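The structure displayed is predicted, hence computed values, not measured ones.
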Amino acid sequence: MTRILKRLDLRLALAVLLGLAASGAALVAWQSHSTRVAADAHWQAQSLGLASYVVQRHAERLGTGVAERRADSLADIGMYITMIHPSLEAYLLASDGAVISHTLPAPGPARMRVDLAPVQGLLDRRNPESASALRIGLPIYGEDPRLLQGRNLVSVAPVGNDGWLYLVLRGEQVTRVAEQHADQTRQTAWLGVLAAALLAGGATTMALQQQVTRRLRQLARELAAFRPGVADQASATTPGDEIDQLCGDARALQHRVQQQIRQLEDSDRQRRELISNISHDLHTPLANIRGWLDTLLISGERLSPPERERHLRTAARHCAGLGRRVAELFELANLDSARAVAHPEPFCMAELVSDVIQAHQLGAEQRGIALCLARDADLQAVVLADIGLIERVLNNLVDNALRHTARGGQVELAVHAQGETVLVRVADDGRGIAPSDLPHVFERYWTTRSTITPEQAPVASGSHRPAVSSGLGLAIARRIVELHGGSISVRSGERQGSEFTFSLPARLRVA
């Protein structure tokens with residue numbers, strides 16, 4: 001029942017069925033009444049002169065005389081009247097309508113006076129030339145003395161000058177049979193009306209479904225297609241009928257459009273910020289390169305060969321830094337695009353960490369920094385990840401840690417399996433990161449000012465030289481880790497070192 005009430009076409013069909021049933025009931029009632037009136041008119045027309053016929057046939061018995069003698073006379077001719085038709089009920093009335101005698105069995109009539117005014121038209125019809133007789137139609141119902149309230153078909157004729165023979169044409173037996181027949185007729189008519197209503201309702205349902213609800217459902221499906229992940233389940237999950245579903249889908253579409261507008265506004269803002277940050281970040285190395293080259297052009301003849309070589313090497317170093325920065329920009333743009341996908345494969349995390357340590361070992365020794373794998377590292381931990389991208393993360397973190405740590409310091413890498421994840425930690429004992437800078441270290445192009453000397457200041461760990469950009473290394477690392485469904489975090493404090501930890505999904509251990 002709930003499903004029927006949720007579908008618009010079935011609700012409309014139910015309304016049509018109820019309307020047809022109500023119309024059919026009214027039609028049956030009207031037809032029954034019309035049929036009964038027509039039958040009564042025909043019956044009364046045939047029996048209109050019956051009372052006059054009885055009076056004429058028994059004029060001697062019903063002639064003038066006292067009321068008692070007339071009452072005895074009606075009792076004498078009662079058998080004759082019953083022989084004419086068993087349904088006839090005869091009453092001998094006084095001129096004022098009082099019942100003098102009757103042919104009913106005990107206990108007799110329910111009322112002893114009959115109002116003759118309603119049957120005055122029958123008396124007029126005895127004279128066909130009477131104008132009123134032509135205007136009055138049959139049937140004409142008179143009061144039924146057998147009932148306290150009720151009318152019936154009658155035939156009336158005067159008896160002498162002071163009485164009336166009052167015949168009720170449809171007696172108790174005929175009335176009972178007629179009512180039973182009428183009930184059967186109404187039941188048959190009701191069944192016919194119900195069948196017609198079902199057929200008409202079914203046809204109407206199909207027409208409505210084809211013309212209205214089908215298009216509503218199609219429109220609802222098209223709107224639901226804009227709802228991610230629920231296009232095929234919109235009708236099953238949205239309560240109400242097709243119009244309710246359409247309204248819900250329209251609200252969902254409106255919400256999604258507003259959300260996309262906000263995303264476009266955010267993207268536009270981020271694009272403007274990106275362009276501004278890129279311009280600012282590239283301006284410094286370009287200015288340095290131009291400065292060194294201008295110096296060579298202006299003072300080239302006055303500079304000694306070693307000074308000219310130093311200027312050229314410095315400009316080349318800035319060019320290399322600029323090239324790395326442009327490459328990082330392309331890499332980050334690649335990772336942020338919808339085309340960025342990882343190609344995971346199972347591999348031993350400790351082996352990859354050892355390879356990265358080996359690749360940076362020479363540079364660490366030249367800086368006087370100890371680079372090693374933690375003694376408690378899990379050498380059997382296996383992850384499912386893109387080995388090339390994870391190597392990029394490790395290279396960024398190790399390179400930053402080496403640049404952030406002073407001579408004589410230490411950089412340690414560790415691997416630990418923890419449930420369904422593997423944690424990788426890169427820790428150093430450098431100058432650390434200020435608490436106010438910690439929330440921003442993974443943001444692209446974030447800059448800060450610091451009193452740390454350039455020799456001690458890292459480029460990407462959070463302890464920055466004056467007006468130095470944080471770079472893109474940590475932003476790239478975070479994006480790669482998130483692409484694998486993991487997370488990256490940092491713990492640090494000023495002059496307390498820094499510890500970067502990221503997680504990856506674990507797989508079975510290597511045998």
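Atoms CD and OG, from E482 and S487 in turn, are 8.5 Å apart once rounded to the nearest 0.5 Å. To the nearest 0.5 Å, the span separating CZ on R478 from OG on S489 amounts to 12.5 Å. Atom NE2 of H360 is separated from atom CG of L413 by 9.5 Å, given to the nearest 0.5 angstrom. To the nearest 0.5 angstrom, L379 atom CG is 9.0 Å from E351 atom CD. Taking CD1 of I488 as the reference point, atom CZ of F442 lies at 4.0 Å (rounded to 0.5 Å). We find the CG-CZ distance between L312 and R317 to be 12.0 Å, quoted to the nearest 0.5 Å.
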**Message:** Apply side chain to side chain contact (heavy atoms under 4.5 Å, CB included) to residues L397 and F502 and explain how you reach the verdict.
**Reply:** CA-CA 11 Å; L397 295 178; F502 65 91; 3.9 Å; yes

**Request:** With side chain to side chain contact (heavy atoms under 4.5 Å, CB included) as the test, would you mind laying out the steps for L389 and H484 before giving the verdict?
**Result:** CA-CA 10 Å; L389 293 179; H484 288 78; 4.0 Å; yes

**Prompt:** Do F347 and V382 pass the side chain to side chain contact (heavy atoms under 4.5 Å, CB included) test, and can you show the C-alpha distance, the side-chain angles, and the key distance before you say yes or no?
**Reply:** CA-CA 5 Å; F347 62 90; V382 176; 5.9 Å; no

**Request:** With salt bridge (Lys or Arg N to Asp or Glu O under 4.0 Å) as the test, would you mind laying out the steps for R170 and D144 before giving the verdict?
**Result:** CA-CA 10 Å; R170 191 167 54 199; D144 190 344; over 6 Å; no

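Scanning all heavy atoms of the two residues, the minimum distance from A374 to R425 falls at CB-NH2, 4.5 Å. The two residues A385 and I390 make their nearest non-hydrogen contact at CB-CG1, 3.8 Å. Between M349 and L504, the shortest heavy-atom contact is SD-CD1, 4.1 Å. What you find for R262 and H255 is that their closest heavy atoms are NH2-CE1, 4.4 Å. Nearest approach of E494 to A434, heavy atoms of both residues: CG-CA, 3.5 Å. Closest approach of I357 to L371, counting heavy atoms only: O-CD2, 3.7 Å.
Taking 4.5 Å as the limit, some side-chain heavy atom of Q380 sits within range of a side-chain heavy atom of D378. Proximity of Y141 to L153: side-chain heavy atoms (C-beta onward) are separated by under 4.5 Å at one or more points. Proximity of V490 to I433: side-chain heavy atoms (C-beta onward) are separated by under 4.5 Å at one or more points. With a 4.5 Å cut-off on side-chain heavy atoms, H416 and D376 count as touching. Within the 4.5 Å cutoff, no side-chain heavy atoms of N396 are placed close to those of L474. Side-chain contact between E345 and D386: absent, with no pair of heavy atoms (C-beta onward) separated by less than 4.5 Å. Side-chain contact between S503 and V422 is absent, with no heavy-atom pair separated by less than 4.5 Å. Looking only at side-chain heavy atoms (C-beta outward), L394 and L352 come within less than 4.5 Å of each other.
Around atom CD of Q258, more than 12 heavy atoms belonging to other residues, nucleotides or ligands sit under 6.0 Å away. Annotation for E499: atom CD counts as buried by contact number, over 12 foreign heavy atoms lying within 6.0 Å.
H311 places a side-chain N or O within donor-acceptor distance of the main-chain N or O of E307, the cut-off being under 3.5 Å. At distances below 3.5 Å, not a single donor-acceptor pair connects side-chain atoms of T421 with backbone N or O atoms of A506. The backbone N or O of Q410 lies less than 3.5 Å from a partner atom in the side chain of D429, making a donor-acceptor pair. In terms of modelled atom types and a separation under 3.5 Å, the side chain of T405 and the main chain of L402 share no donor-acceptor contact.
If you check the side chains of N395 and R392, you find no donor sitting under 3.5 Å from an acceptor.
Every side chain to side chain contact (heavy atoms under 4.5 Å, CB included) that Q260 has, sequence neighbours left out, goes to R256, Q263.
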